[in-house]
A.B. asks: 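Below you will find the structure I want to go over with you.
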Amino acid sequence: MSQKTALITGITGQDGSYLAELLLKEGYRVVGMTRRSSTDVHERIAHIVDEIEFVSGDLLDQSSITAIVSAVRPDEIYNLAAQSFVPTSWTQPVLTGEFTALGVTRVLEAVRSVNPKIKFYQASSSEMFGKVQETPQRETTPFYPRSPYGVAKIYGHWITINYRESYDVFAVSGILFNHESARRGKEFVTRKISDGVARIKLGLQQELRLGNLDAQRDWGFAGDYVRAMWLMLQQPRPDDYVVATGRTHSVRDFVRLAFAAADLDWERYVVVDPRFYRPAEVDVLVGDASKAYRELGWEPEVSFERLVETMVLADLDRLRPFAPA
Ligand code: NAP
Ligand code: GDD
């Protein structure tokens with residue numbers, strides 16, 4: 001069988017790095033779309049950078065995306081690029097809509113005009129469930145977004161379904177619950193905590209300032225979740241899937257375990273700072289991934305406890321060289 005080509009938007013992000021690893025292992029030619037930057041953004045893929053082809057494009061720019069799809073001739077496109085940080089979506093709501101909502105249409109338009117046989121994966125989000133209408137959340141649960149990011153992701157979700165129904169494109173939407181790793185951006189709560197714990201342990205920081213400790217999330221490991229993305233595009237027909245662990249924990253639970261992993265008592269170091277509260281909060285998310293289990297044979301392998309410990313140990317290793325003598 002001839003080698004398959006995958007085009008990944010958002011390859012420099014957390015998920016892009018794990019997905020690129022997986023697809024290389026599966027024998028794909030992997031092409032990553034990156035936007036121009038004056039600094040090096042390849043940190044997460046530094047170990048595989050020589051195995052990836054890069055093309056320059058931006059979700060804001062239709063002609064660059066169409067030209068890339070035309071030149072690369074991918075069999076599969078994974079649209080992971082987005083403005084993905086929820087708080088930024090309140091301060092930059094229009095830009096978030098341009099990237100995270102309309103950006104999806106731009107990629108789909110390129111697929112439709114260049115070759116509608118290209119398989120397309122859209123990175124949808126549990127943030128679409130927002131103020132949850134049903135627990136646990138599944139593919140049929142109605143959406144009630146609580147942030148401009150959530151609103152934009154719902155647009156991306158429905159435009160994906162619309163291109164499937166209008167043009168018969170093999171387009172799928174993966175509704176992924178929060179997934180984390182040592183490669184997570186430091187602004188997201190889990191990595192902010194693991195990085196903060198490591199800094200406190202090593203004497204590089206005195207306290208950790210956080211917002212709402214009562215929020216609950218269904219947290220999994222990013223390496224497990226990219227496998228579900230790939231599996232969705234290997235099915236006989238396109239469909240949408242929830243990907244989650246089925247377990248939920250509070251930010252406080254994450255904090256407690258993370259500090260414990262470094263033999264520290266969290267209550268001595270954590271300061272609740274209302275600056276990190278959100279205008280509207282998503283209080284509790286927990287997913288039902290039984291359809292993904294049944295149809296894709298997917299299930300998570302890394303437990304919450306192991307995820308927390310791994311993230312703290314990785315940050316301790318990374319920061320140890322900077323600890324005061
Ligand atoms: P991430 O680490 O924030 O990565 C986002 C990626 O998008 C980066 O590679 C970024 O490139 C790229 N990007 C942003 N704006 C762009 C633009 N205008 N043109 C081209 N590329 C652009 O996100 P992630 O955690 O890997 O998540 C991947 C996707 O899954 C996102 O769509 C996110 O919304 C969605 N999602 C994530 C989770 C989760 O828990 N992680 C859950 C559900 C859905 P730069 O390096 O240049 O900034
Ligand atoms: N970031 C952050 N910083 N969040 C905090 C803090 C803090 O200091 N303190 C408490 N939190 C709470 C937030 O209020 C939120 O309820 C929860 O921690 C998780 O926040 P994030 O880690 O920023 O993630 P998110 O759930 O808002 O969004 C992530 O998951 C979505 C899937 O549900 C992102 O990866 C989105 O792109 C993704 O779609």
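Predicted model, so just to flag it, every value in this text is computed and none were measured. We count ligands from 1, going down the list as the structure has it; atoms in each ligand are counted the same way.
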A.B. asks: By number and element, which atoms of ligand 1 are closer than 4.0 Å to a non-hydrogen atom of F99?
C.D. replies: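 Within the 4.0 Å cut-off of F99, ligand 1 contributes 15 (N), 18 (N).
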A.B. asks: Which residue holds the protein heavy atom closest to atom 30 (O) of ligand 1, what is that atom called, and what is the gap in Å?
C.D. replies: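 I find the closest protein heavy atom is A123 CB, 3.4 Å.
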A.B. asks: Is the charged tip of R191 near the ring of F188: under 6.0 Å from the six-membered ring centre and within 45° of its axis?
C.D. replies: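 Verdict for F188: no cation-pi partner in R191.
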A.B. asks: Report yes if the side chains of V242 and F177 come closer than 4.5 Å at any heavy-atom pair, otherwise no.
C.D. replies: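 Yes, at least one pair of side-chain atoms sits under 4.5 Å.
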A.B. asks: What distance do I52 atom CD1 and I8 atom CD1 have between them, rounded to the nearest 0.5 Å?
C.D. replies: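 One gets 7.0 Å once the value is rounded to the nearest 0.5 Å.
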A.B. asks: Determine whether any heavy atom of K153 lies closer than 4.0 Å to an atom of ligand 1.
C.D. replies: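 Distance cut 4.0 Å: K153 passes for ligand 1.
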A.B. asks: For E127, counting its heavy atoms only, list the atoms of ligand 2 lying under 4.0 Å from any of them.
C.D. replies: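 Once the distances to E127 are compared, the set is 33 (O).
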A.B. asks: Quick test: of every protein heavy atom, which one is nearest to atom 19 (N) of ligand 1, and how far off is it to 0.1 Å?
C.D. replies: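 Among all protein heavy atoms, the one nearest atom 19 (N) of ligand 1 is L59 N, 3.0 Å.
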A.B. asks: In terms of residue, atom name and distance, what is the protein heavy atom nearest to atom 19 (C) of ligand 2?
C.D. replies: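 Of every protein heavy atom, V189 CG1, 3.8 Å lies nearest to atom 19 (C) of ligand 2.
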A.B. asks: Polar-atom distance check: F188 versus ligand 2, any N or O pair below 3.5 Å?
C.D. replies: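 There is no such contact.
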A.B. asks: Checking a contact table here: which protein heavy atom is nearest atom 8 (O) of ligand 2, and how many Å away?
C.D. replies: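 That would be K192 NZ, 2.7 Å.
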A.B. asks: Is there a donor-acceptor pair under 3.5 Å between the side chain of K131 and the backbone N or O of Y144?
C.D. replies: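 Answer holds: no.
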A.B. asks: L210 heavy atoms, cut-off 4.0 Å: which ligand 2 atoms fall inside?
C.D. replies: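 Taking each heavy atom of L210 in turn, ligand 2 has 8 (O), 9 (N) under 4.0 Å.
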A.B. asks: Compare D15, V41, D58, D218 and give the one whose heavy atom is closest to atom 18 (N) of ligand 1.
C.D. replies: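 Selected option, by shortest heavy-atom distance: D58.
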A.B. asks: Please write down residue, atom name and distance for the protein heavy atom closest to atom 15 (C) of ligand 2.
C.D. replies: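 So the nearest neighbour among protein heavy atoms is R217 NH2, 3.5 Å.
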A.B. asks: Carefully, step by step, assess K25 and E51 under the rule salt bridge (charged side-chain N to carboxylate O under 4.0 Å, His left out).
C.D. replies: CA-CA 11 Å; K25 217 176 286 162; E51 299 169 72; over 6 Å; no
A.B. asks: Answer yes or no: is there a donor N or O on one side and an acceptor on the other, between the side chain of W266 and the main chain of A258, under 3.5 Å?
C.D. replies: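 It does not hold such a pair.
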A.B. asks: Quick one: look at Y149 and ligand 1, take heavy-atom pairs under 4.0 Å, and tell me if it's side chain, backbone, both or neither.
C.D. replies: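 The side chain, only.
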A.B. asks: Near V86, which atoms of ligand 2 are under 4.0 Å from a heavy atom of that residue?
C.D. replies: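 It comes down to these atoms of ligand 2: 27 (O), 28 (O).
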A.B. asks: Under 4.0 Å from ligand 2, counting heavy atoms only, is it the side chain of K153, its backbone, both or neither?
C.D. replies: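 None of K153 does.
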A.B. asks: Checking the N or O distance criterion of under 3.5 Å, is ligand 2 in contact with S126?
C.D. replies: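 Yes, since at least one N or O of S126 sits under 3.5 Å from an N or O of ligand 2.
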A.B. asks: Is the closest heavy-atom distance from Y149 to ligand 2 below 4.0 Å?
C.D. replies: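 Under 4.0 Å: yes for Y149.
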A.B. asks: Under 3.5 Å, side chain of R106 to main-chain N/O of E98, donor-acceptor pair present?
C.D. replies: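 Such a contact is found between R106 side chain and E98 backbone.
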A.B. asks: Heavy-atom contacts with S124 under 4.0 Å: which atoms of ligand 1 show up? List them by number with element.
C.D. replies: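 Here the atoms of ligand 1 in question are 43 (C), 44 (C).
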A.B. asks: Give the single entry among T12, I11, T9, I45 that approaches atom 11 (O) of ligand 1 most closely by any heavy atom.
C.D. replies: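 Looking at heavy atoms only, T12 sits closest to atom 11 (O) of ligand 1.
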A.B. asks: Would you confirm whether R209, through its side chain, and V271, through its main-chain N or O, come within 3.5 Å as a donor-acceptor pair?
C.D. replies: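 Not at all, since once roles are kept as given, no pair shorter than 3.5 Å links the two residues.
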A.B. asks: At less than 4.0 angstrom from any non-hydrogen atom of G211, what atoms of ligand 2 do you find?
C.D. replies: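 Checking each atom against G211, I get 6 (C), 8 (O), 9 (N), 10 (C).
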A.B. asks: Less than 3.5 Å between some nitrogen or oxygen of G16 and one of ligand 1, yes or no?
C.D. replies: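 Looking only at distances, the answer is no, because the N/O contact criterion of under 3.5 Å is not met.
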A.B. asks: Give the numbers and elements of all ligand 1 atoms closer than 4.0 Å to a heavy atom of N178.
C.D. replies: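 Checking each atom against N178, I get 40 (O).
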A.B. asks: Out of S17, A81, G185, who gets a non-hydrogen atom closest to atom 22 (C) of ligand 1?
C.D. replies: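 Nearest option to atom 22 (C) of ligand 1, by heavy atoms: A81.
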A.B. asks: Which word best sums up how the rings of F129 and F143 line up, parallel for under 30°, tilted for 30 to 60°, or perpendicular for over 60°?
C.D. replies: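 Ring orientation of F129 relative to F143: tilted.
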A.B. asks: Pull out every atom of ligand 1 sitting under 4.0 Å from any heavy atom of R184, numbered as shown with elements.
C.D. replies: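 In order of numbering, the contacting atoms are 25 (O), 39 (C), 40 (O), 41 (N).
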A.B. asks: With a 4.0 Å cut-off on heavy atoms, is K186 touching ligand 2?
C.D. replies: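 Judged by the 4.0 Å heavy-atom criterion, K186 does not count as contacting ligand 2.
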A.B. asks: Any chance the rings of W90 and Y149 have centres within less than 6.0 Å?
C.D. replies: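 W90 vs Y149: aromatic centres not under 6.0 Å.
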A.B. asks: In the protein, what heavy atom is nearest to atom 4 (O) of ligand 1, and what distance, to one decimal place, separates them?
C.D. replies: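 So the nearest neighbour among protein heavy atoms is G13 CA, 3.4 Å.
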A.B. asks: Under 4.5 Å between any side-chain heavy atoms of F170 and I118, yes or no?
C.D. replies: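 Result no, sub-4.5 Å side-chain heavy-atom pair not found.
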A.B. asks: What about M33: any of its N or O atoms under 3.5 Å from an N or O on ligand 1?
C.D. replies: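 Not met; the criterion fails.
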A.B. asks: For atom 43 (C) of ligand 1, find the nearest protein heavy atom and state the residue, atom name and distance (0.1 Å precision).
C.D. replies: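 Atom 43 (C) of ligand 1 sits closest to the protein heavy atom L176 O, 3.1 Å.
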A.B. asks: For atom 28 (C) of ligand 1, what's the nearest protein heavy atom and its distance?
C.D. replies: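 That would be L80 O, 3.5 Å.
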A.B. asks: What is the nearest protein non-hydrogen atom to atom 2 (O) of ligand 1, stated with its residue, atom name and distance?
C.D. replies: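 Answer for atom 2 (O) of ligand 1: Q14 N, 3.1 Å.
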A.B. asks: Between G10, S84, G57, flag the one that comes closest to atom 23 (O) of ligand 1 by a heavy atom.
C.D. replies: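 Looking at heavy atoms only, S84 sits closest to atom 23 (O) of ligand 1.
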A.B. asks: Polar-atom distance check: A82 versus ligand 1, any N or O pair below 3.5 Å?
C.D. replies: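 Yes; at least one N/O pair falls below 3.5 Å.
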A.B. asks: For the residue pair F259 and Y269, does the interplanar ring angle fall in the parallel (under 30°), tilted (30 to 60°) or perpendicular (over 60°) class?
C.D. replies: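 Ring orientation, 0 to 90° scale: parallel.
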A.B. asks: Which one of R184, H179, Q83 has a non-hydrogen atom at the shortest distance from atom 35 (O) of ligand 2?
C.D. replies: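 Heavy atom nearest to atom 35 (O) of ligand 2 belongs to R184.
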A.B. asks: Hey, which atoms in ligand 2 end up nearer than 4.0 Å to a heavy atom of E281?
C.D. replies: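 Result: 13 (C), 14 (O), 15 (C), 16 (O).
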A.B. asks: So which protein heavy atom does atom 21 (P) of ligand 2 come closest to, and at what separation?
C.D. replies: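 Its nearest protein heavy-atom neighbour is R278 NH2, 3.7 Å.
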A.B. asks: Would you confirm whether E139, through its side chain, and T141, through its main-chain N or O, come within 3.5 Å as a donor-acceptor pair?
C.D. replies: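 Not confirmed, E139 side chain does not pair with T141 backbone.
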A.B. asks: Can a donor-acceptor pair be found, under 3.5 Å and without considering hydrogens, that links the side chain of D75 to the backbone of K4?
C.D. replies: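 Side chain of D75 to backbone of K4: no pair is present.
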A.B. asks: Can you check whether I200's main-chain N or O pairs, donor with acceptor, with Q205's side chain at less than 3.5 Å?
C.D. replies: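 No, the answer is negative, given that no donor and acceptor are paired below the 3.5 Å cut-off.
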A.B. asks: In terms of the angle between their ring planes, are F254 and F304 parallel, tilted or perpendicular, with boundaries placed at 30° and 60°?
C.D. replies: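 Ring orientation, 0 to 90° scale: perpendicular.
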A.B. asks: Which residue from R35, H179, R36, E180 reaches closest to atom 48 (O) of ligand 1 through any of its heavy atoms?
C.D. replies: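 Result: the heavy atom closest to atom 48 (O) of ligand 1 is in R35.
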A.B. asks: Return yes or no for this condition: an N or O of R44 is under 3.5 Å from an N or O of ligand 1.
C.D. replies: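 By distance alone, the answer is no.
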A.B. asks: Got a donor-acceptor contact below 3.5 angstrom from the K119 side chain to the L233 backbone?
C.D. replies: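 The answer is yes, because a donor-acceptor pair under 3.5 Å joins these two groups.
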A.B. asks: Tell me whether V72 shares a hydrophobic cluster with M33, the cluster being built from Ile, Leu, Val, Met, Phe, Trp, Tyr side chains joined at under 4.5 Å.
C.D. replies: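 Same hydrophobic cluster.
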A.B. asks: Do you see a donor-acceptor pair shorter than 3.5 Å between the side chains of E109 and Y163?
C.D. replies: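 Note: E109 and Y163 side chains meet the donor-acceptor criterion.
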A.B. asks: Do H179 and W219 have side chains that approach each other closer than 4.5 Å (heavy atoms only, starting at C-beta)?
C.D. replies: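 No, too far: nothing below the 4.5 Å cut-off.
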A.B. asks: Under 4.0 Å from a heavy atom of S125: which atoms of ligand 2 are those, numbered in the order shown and with their elements?
C.D. replies: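 Under 4.0 Å from S125, ligand 2 has these atoms: 31 (C), 32 (C), 33 (O), 38 (C), 39 (O).
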A.B. asks: Return the residue, atom name and 0.1 Å-rounded distance of the protein heavy atom closest to atom 30 (O) of ligand 2.
C.D. replies: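 Closest protein heavy atom to atom 30 (O) of ligand 2: N178 ND2, 3.0 Å.
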A.B. asks: Decide whether L257 and V302 are clustered together by the hydrophobic rule: side chain heavy atoms of Ile, Leu, Val, Met, Phe, Trp, Tyr closer than 4.5 Å, transitively.
C.D. replies: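 Same hydrophobic cluster.
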A.B. asks: At what distance, to the nearest 0.5 angstrom, does CE of M232 lie from CD of Q234?
C.D. replies: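 Between atom CE of M232 and atom CD of Q234 there are 11.5 Å.
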A.B. asks: May I ask you to list the atoms of ligand 2 that are less than 4.0 angstrom from any heavy atom of F276?
C.D. replies: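 Once the distances to F276 are compared, the set is 8 (O).
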A.B. asks: Distance under 4.0 Å to a non-hydrogen atom of V251: what atoms of ligand 2 satisfy this?
C.D. replies: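 Listed by number with element, the hits are 12 (C), 18 (O).
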